[in-house]
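Quick notes on the structure that follows.
A note on names: the letters A, B, ... follow the listed sequences, proteins ahead of strands, and every chain is numbered from 1. All figures in this text were calculated on a predicted structure; none of them were measured in a lab. We use all heavy atoms of the structure for the numbers below, so side chains are in, but hydrogens, waters and symmetry mates are not.
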Amino acid sequence: MTRIANIDKSSVDRKSSPYSSVDSERYSSLVKSVMSSRVSSQTPETLQAEDDHIYGPVVKAQTPTRPEVREPKTLHPFLNCEETVDTEEPESGLPARISLNRGQGRSFVPSVTRILQQTLSPEQIFYLERWKRRMIAELGEEGFKEHSQNLFRQGKLLHSALEDILTSGAAWKDRDPSETPEYPPEVRGYLESISHVLEDVSAVRAIESTVQHGTLNYLGIVDCVARYRGVLCVIDWKTSDKPKPFLSNTYDNPVQVAAYAGALNNDGNYKYQVENGLIVVAYKDGSPAHAHQLSSEVMLEYWKTWLLRLEEFTEKRASHASSTLPENR
DNA sequence: GGATCCTTCTTCTTCTTC
């Protein structure tokens, strides 16, 4: 950067020369080209190449995947057509909380989180690993471990506080979020951050409740099902150190929400359908949380993405199983 | 009672200029 500054300076210094105006034109395009070459030298591809050099090639990169719009092989319906509107349950009762109870038989039902984690794009894996390497370089192995556990702990604390608030149905509007002695101090900033969103949440129908798709083989636990500004939504609470003002900042979160909603809509334990979603990103310093609403149209798009990820996961498992089978014999 | 599961988070190039 200092080099470019020097170039600029030298062009200014030669202002009196007859070339002055032409030169500065040249310099500006030169600077531009230098800048653009700098940019291209920093692309994920070259970083990936560097990464390959250090860590060996990424297996996934061998498949000539095309990032163009892919469609799932089978477009399973997001909504369950058999469920009708007249099965509306009263919204006044206690929210449902179906606890996870797996291990009926030996059938393995993978979770939404597991499937998303195992179908990350090579690019996502690359940036996550690079982030991890940098953090370890900065904090050390132990420090990084502690940092990660701290992030998880904050998320868990917020979830249990919200669980408490939404279950008790306490009039949150009348409370000062900064004065909540019953919640740990670490969570108060998040609660303050999220309080303006909670004012728009009503008719809570489910909290931390298991959803399992009746035909597609997956399950998960929804944070919350409630009305947000009158619209019934699957809601996902998130804590974040970095601001996430746009939906695109939330990575796979919308896919996660669509997966939960699709499972709920096709789970006999729930007698209603949820077409919309909401991702709420809360901040520790108390600054207003970002609430990203997912319309039914948007949810359908993410449902397709989810089906793709699910297909990928299933194929991967199948090929993995067949490749490891001979060893087991 | 112990082990396992689900979930809790983490990514996006950089730093131009006044």
For A/K244, which residues count as a side chain to side chain donor-acceptor pair (under 3.5 Å) partner, sequence neighbours excluded? none
Round to a whole Å and report the spacing from CZ of A/R97 to P of B/dT7. 16 Å
Separation of B/dT10 C1' from A/R133 CZ (nearest whole Å): 14 Å
Does anything in residues 235-246 of chain A reach DNA chain B, meaning a heavy atom under 4.0 Å, and if so which residues? A/D236, A/K238, A/T239, A/S240, A/D241, A/K242, A/K244
A/E208 CD to B/dT8 C1': how many Å, rounded? 10 Å
Whole Å only: how far is the CZ atom of A/F144 from the C1' atom of B/dT10? 7 Å
Of the listed B/dC6, B/dC9, B/dT11, the closest approach to the A/Q124 side chain comes from B/dT11
By side-chain contact (heavy atoms from CB on, under 4.5 Å), A/H159 pairs with (sequence neighbours left out) A/E208, A/D223, A/W237
Separation of atom CD1 in A/I194 from atom P in B/dT8, rounded to whole Å: 13 Å
Base, sugar-phosphate, or nothing for A/V109, non-hydrogen atoms under 4.0 angstrom? sugar-phosphate
Please give, in whole Å, the distance from B/dC6 C1' to A/Q256 CD? 11 Å
Quick one: side-chain hydrogen bond (donor to acceptor under 3.5 Å, both in side chains) pairs with a partner in residues 137-148 of chain A, sequence neighbours left out? none
Answer whether the closest heavy-atom distance between the side chains of A/I235 and A/V280 falls below 4.5 Å. yes
Where the side chain of A/L128 is concerned, which of B/dC6, B/dT10, B/dT8 is the nearest nucleotide? B/dT10
For DNA chain B, whose closest nucleotide is more 5', that of A/L100 or that of A/N253? A/L100
Check: A/P254 and A/L247 side chains under 4.5 Å, non-hydrogen atoms: yes
Across the strands shown, which category fits A/S111 at heavy-atom distances under 4.0 angstrom: base, sugar-phosphate, nothing? sugar-phosphate
Atom CG of A/L116 to atom C1' of B/dT7: distance rounded to whole Å? 12 Å
Check every strand shown and say whether A/N150 touches a base, only sugar-phosphate, or nothing at a heavy-atom separation below 4.0 Å. nothing
Would a line drawn from the ring center of A/H290 to the ring center of A/F246 be shorter than 6.0 Å? no
Aromatic stack A/F152/B/dT8: centroid gap under 5.5 Å, interplanar angle under 30°: yes
Base, sugar-phosphate, or nothing: which does A/Q117 touch, judged by heavy atoms less than 4.0 Å apart? base
Can you tell me if A/Q212 touches the phosphate of B/dC6, counting only side-chain N or O atoms and a distance under 4.0 Å to OP1 or OP2? no
Pairs of donor and acceptor atoms involving the side chains of residues 293-306 of chain A, under 3.5 Å and at least two apart or interchain, shall be tabulated with distances.
from: A/S295; atom 1: OG; to: A/E297; atom 2: OE1; distance (Å): 3.2
from: A/S295; atom 1: OG; to: A/V298; atom 2: N; distance (Å): 3.2
from: A/W303; atom 1: NE1; to: A/H76; atom 2: O; distance (Å): 2.7
from: A/T305; atom 1: OG1; to: A/E301; atom 2: O; distance (Å): 3.2
from: A/W306; atom 1: NE1; to: A/Y218; atom 2: OH; distance (Å): 3.4

Not counting sequence neighbours, which residues clear side chain to side chain donor-acceptor pair (under 3.5 Å) with A/E315? List them please. A/K73
Nearest-neighbour nucleotide for the A/T113 side chain, B/dC6, B/dT10, B/dT7 considered: B/dT7
Counting the atoms with a prime plus P, OP1 and OP2 as sugar-phosphate, which does A/R114 contact under 4.0 Å by heavy atoms, base, sugar-phosphate, or nothing? sugar-phosphate
When A/Y260 and A/L151 are each assigned the nearest nucleotide of DNA chain B, the 5'-most assignment goes to A/Y260
For atom CD1 of A/I221 and atom C1' of B/dT4, their distance in whole Å: 13 Å
